[in-house]
Participant: 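Below is one structure. I have some questions about it.
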Amino acid sequence: MTDRISKILPIAIDDAEVLKKVAKEIPLSDIASDFIQQLIVDMFATMRHAPGIGLAAPQIFESIRLIVFYLPAARDELGIGVPDTVLINPIIEKLDDEIDLQYEGCLSIPGLRGKVERFKKIKYSGYNQYGEYFERVAEGWHARLVQHEVDHLNGIVYPELMREEDSLITFDEWKALTAISS
Ligand code: NI
């Protein structure tokens, strides 16, 4: 993976059709293909360049069930963080009914933030870049991030999930809010 030259891909934004489609499963035999391996390298480069902490394949105009993400320790309530992760054909299961309401953003909806309810604790499973099955339990931001990215595979962007009483705010408004609360 490391000897490949990465490129920054264009990101689908706002009303792009690809963001509204249900993405296709990736046959496990395709994971080792040059196309998927290069796509993974390019998605990490594109995510970091943006910069962001998660990216789903539909956001770079590929309607397939593949997401990449990581979580810096500083943004993880547990203080551990999550290493660079490739998750193919993911399945999410909530582990209890506890809900968390937080602002989130999206590289496909630049400059805005909105409050979204997410399950606080989930289990997710799928395949990594080597075609190996794995599962993890995730909490807090880690769980929110995975739920957000998997929504992209189902044609859902976060403003659709917002409660009626909440509205989108600009990045600057959000910055002002977080400055007050922290
Ligand atoms: Ni997003």
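All values reported here derive from a predicted model rather than from experimental measurement. Order of appearance sets the numbers: ligands from 1, and atoms from 1 within every ligand. Along the sequence shown, residues are numbered consecutively beginning with 1.
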Participant: Show me the donor-acceptor pairs, under 3.5 Å and distance only, between side chains in residues 112-119 and residues at least two apart or in other chains.
Facilitator:
{"from": "R118", "atom 1": "NE", "to": "E104", "atom 2": "OE1", "distance (Å)": "3.2"}
{"from": "R118", "atom 1": "NH1", "to": "D151", "atom 2": "OD2", "distance (Å)": "2.7"}
{"from": "R118", "atom 1": "NH2", "to": "E104", "atom 2": "OE2", "distance (Å)": "2.7"}

Participant: Walk me through whether D30 and I64 qualify under side chain to side chain contact (heavy atoms under 4.5 Å, CB included).
Facilitator: CA-CA 12 Å; D30 285 1; I64 54 176; over 6 Å; no

Participant: Under 2.8 Å from the Ni ion (ligand 1), which protein N, O or S atoms do you find? Ignore water molecules.
Facilitator: C106 SG, H148 NE2, H152 NE2

Participant: Is K121 salt-bridged to D100, cutoff N-O under 4.0 Å?
Facilitator: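 Answer for the salt bridge query: no.
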
Participant: Should we say atom CG of D15 is surrounded by more than 12 heavy atoms from elsewhere, each under 6.0 Å from it?
Facilitator: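 Not buried by this count: 12 neighbours or fewer within 6.0 Å.
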
Participant: Run F134 and L87 through side chain to side chain contact (heavy atoms under 4.5 Å, CB included) and show every step you take.
Facilitator: CA-CA 9 Å; F134 71 103; L87 182 58; 3.7 Å; yes

Participant: For N89 and E25, indicate whether the former's side chain and the latter's backbone hold a donor-acceptor pair under 3.5 Å.
Facilitator: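 Answer holds: no.
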
